[in-house]
Number of protein chains: 2
Amino acid sequence: MMQGDGVVDLATSLGYLLKEASSALRLAMEAVLRPLGMTVTHYSCLELLAQRPGLSNSELARGAFVTRQSMNVLLQALERDGYVTRPAEAPVGKALPTRLTPLGRRSLATASAAVRAVEVRMLSGMTEAEQSAAHTSLQSMIRSLRGADEGR
Amino acid sequence: MMQGDGVVDLATSLGYLLKEASSALRLAMEAVLRPLGMTVTHYSCLELLAQRPGLSNSELARGAFVTRQSMNVLLQALERDGYVTRPAEAPVGKALPTRLTPLGRRSLATASAAVRAVEVRMLSGMTEAEQSAAHTSLQSMIRSLRGADEGR
DNA sequence: TAAGGTATGTCAGAATACTGACATGATGCA
DNA sequence: TGCATCATGTCAGTATTCTGACATACCTTA
């Protein structure tokens, strides 16, 4: 991982490889979502809501790895276009539980199929054991990085 | 990876985990680079130039996973502030070979040390074998994703 | 009860990256 | 040689995300 002068060697750096893989995945997802008029964050939001209905704006933001301000902008657009609904008043606290509309569910269905195909392609060259190993490796990296980096 | 209704299960999806790890790494890098007045792309550009002097704008863009337009904006700022130099005329074709100035090299030195510490922390919980496995897994994903997604 | 701390939603402005477009130089091919 | 194709640098406009800030609601604790 080191070079003679102590500079990180990008060619073998796991950090660089992680960024490269993430970039490739994002590009592939954008490629299949663009024809559907959807961005990756847009899709992530709908997918999160399908699996965990009633998530708040802040919870969606954390799940999609963006700030709550960014997610708020997206949610306002999704609400305006009829993909999600939010109550006018918070049932408890300030958090507004968000839910998919039938339109949102239909929109997600096609997008989800497209994204699933991308993920299948991504895993096509790996054995079950390799996939499992990748799973534990990534979780280990996340755990280590989060530890000393609380708060944002 | 599947749920009953065919929706991707985010909790176990390698794609989601990849995004999560990449996000955690980016956040950790931003945290240590911010005090140095440097963004991740900014750092990536300098690091690439340190390892492969003379890279062109387009080559740097590909290496940092941004468009050549974005890299061009960054390079103009770096050139204006004296971190890199580019010849006024292209020695061959239109590509302008970029090089670090002594100031750029000094600036990179501290940033590189900070980033290296982040990467060390990221790998702290993994054995050599696990790191090697992660390496091959990520490369496999990249290869599979790139295959059917030529051009951008 | 009162106060400090935390979490949330939201507005506004700034930073960053992207898409579209054009001109130019190199390359491959007929 | 001539022409089509491709890669590059760059300008302009747009889109997306971020940082900063504020008000509000809950929770803990003295």
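Computed from a predicted model, the values in this text were never measured in an experiment. Just so we're on the same page: letters track the sequence lines, and every chain starts at 1.
Going from atom CG of A:Leu60 over to atom C1' of C:dG9 covers 13 Å, rounded to whole Å. A:Leu33 has its CG atom 14 Å from the P atom of C:dT19, to the nearest Å. In this structure, B:Arg62 places its CZ atom 15 Å from P of D:dC6, rounding to the nearest Å. Between A:Glu30 atom CD and D:dA15 atom P the separation is 16 Å, expressed in whole Å. One atom, NE2 of A:His42, and another, C1' of D:dT17, lie 16 Å apart when rounded to the nearest Å.
When each of D:dG9, C:dT8, D:dT19 is scored by its nearest atom to the side-chain atoms of B:Arg34, the top-ranked nucleotide is D:dT19.
Remark: side-chain polar atoms of B:Thr110 are paired, donor with acceptor, to backbone N or O of B:Ser107 under 3.5 angstrom.
For C:dA17, the OP1/OP2 oxygens have a side-chain nitrogen or oxygen of B:Thr41 closer than 4.0 Å. Between B:Thr67 and C:dT19 there is no side-chain N or O to OP1 or OP2 distance below 4.0 Å. Here A:Ser58 reaches the OP1 or OP2 of C:dG9: one of its side-chain N or O atoms lies under 4.0 Å away. Listed pair B:Asn57 / D:dG9 meets the phosphate criterion, a side-chain N or O lying under 4.0 Å from OP1 or OP2.
The salt bridge (charged side-chain N to carboxylate O under 4.0 Å, His left out) contacts involving residues 77-87 of chain B comprise B:Glu79-B:Arg86, where partners must be two or more places apart or lie in separate chains.
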Protein-nucleotides 25-29 of chain C N/O pairs closer than 3.5 Å?
unit_1, atom_1, unit_2, atom_2, d
C:dA26, OP1, B:Gly93, N, 3.2

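Annotation: proximity of residues 68-88 of chain B to DNA chain D (heavy atom, distance under 4.0 Å) is found for B:Arg68, B:Gln69, B:Asn72, B:Gln76, B:Arg86, numbered in ascending order.
The rotation axes computed at either terminus of the helix from C:dT1-D:dA30 to C:dA30-D:dT1 lie 40° apart, taking five pairs at each end and rounding to 10 degrees.
With sequence neighbours excluded, no residue forms a side chain to side chain donor-acceptor pair (under 3.5 Å) with B:Ser137.
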Can you give me every donor-acceptor pair (side chain of residues 55-66 of chain B, partner residue at least two apart or in another chain, under 3.5 Å) with its distance?
unit_1, atom_1, unit_2, atom_2, d
B:Ser56, OG, B:Glu59, N, 3.3
B:Ser56, OG, B:Glu59, OE1, 3.3
B:Asn57, OD1, B:Asn72, N, 3.3
B:Asn57, ND2, B:Arg68, O, 3.3
B:Glu59, OE1, B:Ser56, N, 2.8

